[in-house]
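Beneath this line is the structure, given in structure tokens, with notes to follow.
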Amino acid sequence: MQLETSRLLLRELTQDDFAELYKILSDKETMEHYPNPFSKDKVRGWIDWNINNYKTFGFGLFAVVLKENGQMIGDCGITMQTINGRVRPEIGYHINKNYQNKGYATEAAIKCRDFIFENTTFQTIYTYMKYTNVGSYSVAIKNGMRLVEEYEDPVNRNTKVYAITRTEWETKNK
């Protein structure tokens with residue numbers, strides 16, 4: 001599967017993406033809101049997990065590639081995540097620090113949001129992050145989401161949950 005925006009191509013991850021994805025997910029600055037940057041084994045497992053998600057759900061995190069030059073700059077997509085004890089469809093994204101603040105995460109997240117509402121029966125889509133992750137919740141707000149919940153957890157201490165309902169999405173897209 002492949003999705004496109006004006007500047008981006010979102011395509012399924014493969015193990016051939018390991019080197020580029022490792023540069024992103026192992027970078028301490030890019031992963032500052034995670035408990036730790038990813039190891040090589042964790043990145044390989046991350047790719048395998050997404051390949052399995054494509055087969056199981058028909059979606060997962062996609063490689064985010066610049067159309068202009070074919071450079072992979074991150075991942076973005078939809079995964080099923082346990083958020084405060086409930087499994088929910090979640091839009092996630094990781095963009096190389098050198099490409100942040102250029103609107104790529106928002107552009108990719110909006111495309112993934114639209115894909116989910118156009119191709120599934122999910123009534124609500126979520127994004128969750130550590131309370132200190134201003135960049136991530138800024139993307140969620142630009143994606144039409146609103147803060148719906150905050151909860152304590154052992155990993156992030158305070159986790160923020162943003163969401164958009166199908167009705168809200170339909171209203172915005174009329």
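On a predicted model such as this, the values are computed, not experimentally measured, just so you know.
- A salt bridge links Glu107 to Arg7: at least one charged side-chain nitrogen sits closer than 4.0 Å to a carboxylate oxygen.
- Ile110 and Ile91 fall into different hydrophobic clusters, where Ile, Leu, Val, Met, Phe, Trp and Tyr residues are linked whenever their side-chain heavy atoms come under 4.5 Å apart, directly or through other members.
- Side chain of Arg113 to main chain of Asn143: a donor-acceptor pair is present (N/O by atom type, distance under 3.5 Å, no hydrogens or angles).
- For the pair Phe57 and Ile78, the minimum side-chain heavy-atom distance is 4.5 Å or more.
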Result block: side-chain N/O donor-acceptor pairs under 3.5 angstrom for residues 35-49, not counting sequence neighbours:
unit_1, atom_1, unit_2, atom_2, d
Ser39, OG, Lys42, N, 3.1
Trp46, NE1, Asp75, OD2, 3.0
Asp48, OD1, Gln15, NE2, 2.8

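- Formation of a donor-acceptor pair under 3.5 Å by the Asn133 side chain with backbone atoms of Met129 is not found in this model.
- Atom-to-atom distance recorded for Lys102:NZ and Ile73:CD1 is 9.5 Å, nearest 0.5 angstrom.
- Glu20 and Gln71 are linked by a side-chain donor-acceptor pair at a separation below 3.5 angstrom, with hydrogens and angles left out of the test.
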Let me see the working for Phe59 and Cys112 under side-chain contact (heavy atoms from CB on, under 4.5 Å), right down to the final yes or no.
CA-CA 9 Å; Phe59 53 79; Cys112 291; over 6 Å; no
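- Counted by atom type alone, Tyr128 and Gln81 present one or more donor-acceptor pairs between their side chains at under 3.5 Å.
- Here OG1 of Thr106 is found 10.5 Å from CD1 of Ile141. Values are rounded to the nearest 0.5 Å.
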Carefully, step by step, assess Leu8 and Leu66 under the rule side-chain contact (heavy atoms from CB on, under 4.5 Å).
CA-CA 5 Å; Leu8 304 172; Leu66 294 176; 3.8 Å; yes
The test is salt bridge (Lys or Arg N to Asp or Glu O under 4.0 Å); show your working for Glu149 and Lys160 and say whether it passes.
CA-CA 6 Å; Glu149 183 178 2; Lys160 290 186 173 210; over 6 Å; no
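- Rounding to the nearest 0.5 Å places CG of Asp153 at 11.0 Å from CD1 of Ile83.
- Between Tyr137 and Tyr131 the shortest heavy-atom distance is CE2-O, 3.5 Å.
- The backbone N or O of Thr121 sits less than 3.5 Å from a side-chain atom of Gln123, completing a donor-acceptor pair.
- Using a 4.5 Å heavy-atom threshold, the side chains of Lys97 and Asp27 count as touching.
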For Asp17 and Arg11, what are the C-alpha separation, side-chain angles and deciding distance, and is it a salt bridge (Lys or Arg N to Asp or Glu O under 4.0 Å)?
CA-CA 11 Å; Asp17 295 314; Arg11 60 160 176 77; 2.7 Å; yes
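- A single hydrophobic cluster is seen to contain both Leu21 and Met31, as judged by linkage of ILVMFWY side chains at heavy-atom distances under 4.5 Å, directly or through other members.
- Remark: the backbone N or O of Asn84 is paired with a side-chain donor or acceptor of Tyr151 at under 3.5 angstrom.
- Annotation for Tyr93 and Ala140: closest pair OH-N, 3.7 Å, computed over non-hydrogen atoms.
- One distance of note links CH2 of Trp169 with CZ of Phe122; it measures 14.0 Å at 0.5 Å rounding.
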Criterion salt bridge (Lys or Arg N to Asp or Glu O under 4.0 Å) on Lys111 and Glu4, from CA distance to verdict
CA-CA 8 Å; Lys111 187 65 177 185; Glu4 284 189 51; over 6 Å; no
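- Here OG1 of Thr82 is found 11.0 Å from CZ of Arg86. Values are rounded to the nearest 0.5 Å.
- The heavy-atom pair separating Ala163 from Thr124 by the smallest distance is CB-CG2, 3.8 Å.
- Annotation: cation-pi pair Arg88/Tyr126 present, NZ/CZ under 6.0 Å from the ring centroid and within 45° of its normal.
- Of the residues listed (Tyr34, Tyr104, Tyr22), the one engaging His94 in a ring-ring contact (aromatic ring centres under 6.0 Å, His included) is Tyr34, and it is the only one.
- Minimum heavy-atom separation, Thr127 to Ser136: CG2-OG, 4.5 Å.
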Does the pair Glu168 and Arg146 meet the rule for a side-chain contact (heavy atoms from CB on, under 4.5 Å), with working shown?
CA-CA 10 Å; Glu168 290 166 336; Arg146 59 189 165 71; 2.6 Å; yes
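- Here the side chain of Tyr54 pairs a donor or acceptor atom with the backbone of Leu13 at under 3.5 angstrom.
- The two atoms that bring Ile95 and Ile24 nearest to each other are C-CG2, 4.3 Å, heavy atoms only.
- Residues Glu150 and Asn158 bring a donor and an acceptor atom of their side chains to less than 3.5 Å of each other.
- Side chain of Glu90 to main chain of Thr79: no donor-acceptor pair is present (N/O by atom type, distance under 3.5 Å, no hydrogens or angles).
- Ile164 places a side-chain heavy atom less than 4.5 Å from the side chain of Lys172.
- By the neighbour-count criterion of 12 heavy atoms within 6.0 Å, atom CD of Glu29 is sparsely surrounded, having that number or fewer from other residues, nucleotides or ligands.
- The shortest non-hydrogen separation linking Gly77 to Leu61 is N-CD2, 3.3 Å.
- Rounding to the nearest 0.5 Å gives a distance of 7.5 Å between OG1 of Thr30 and CG of Asn98.
- Side-chain contact between Met145 and Ile125: present, with at least one pair of heavy atoms (C-beta onward) separated by less than 4.5 Å.
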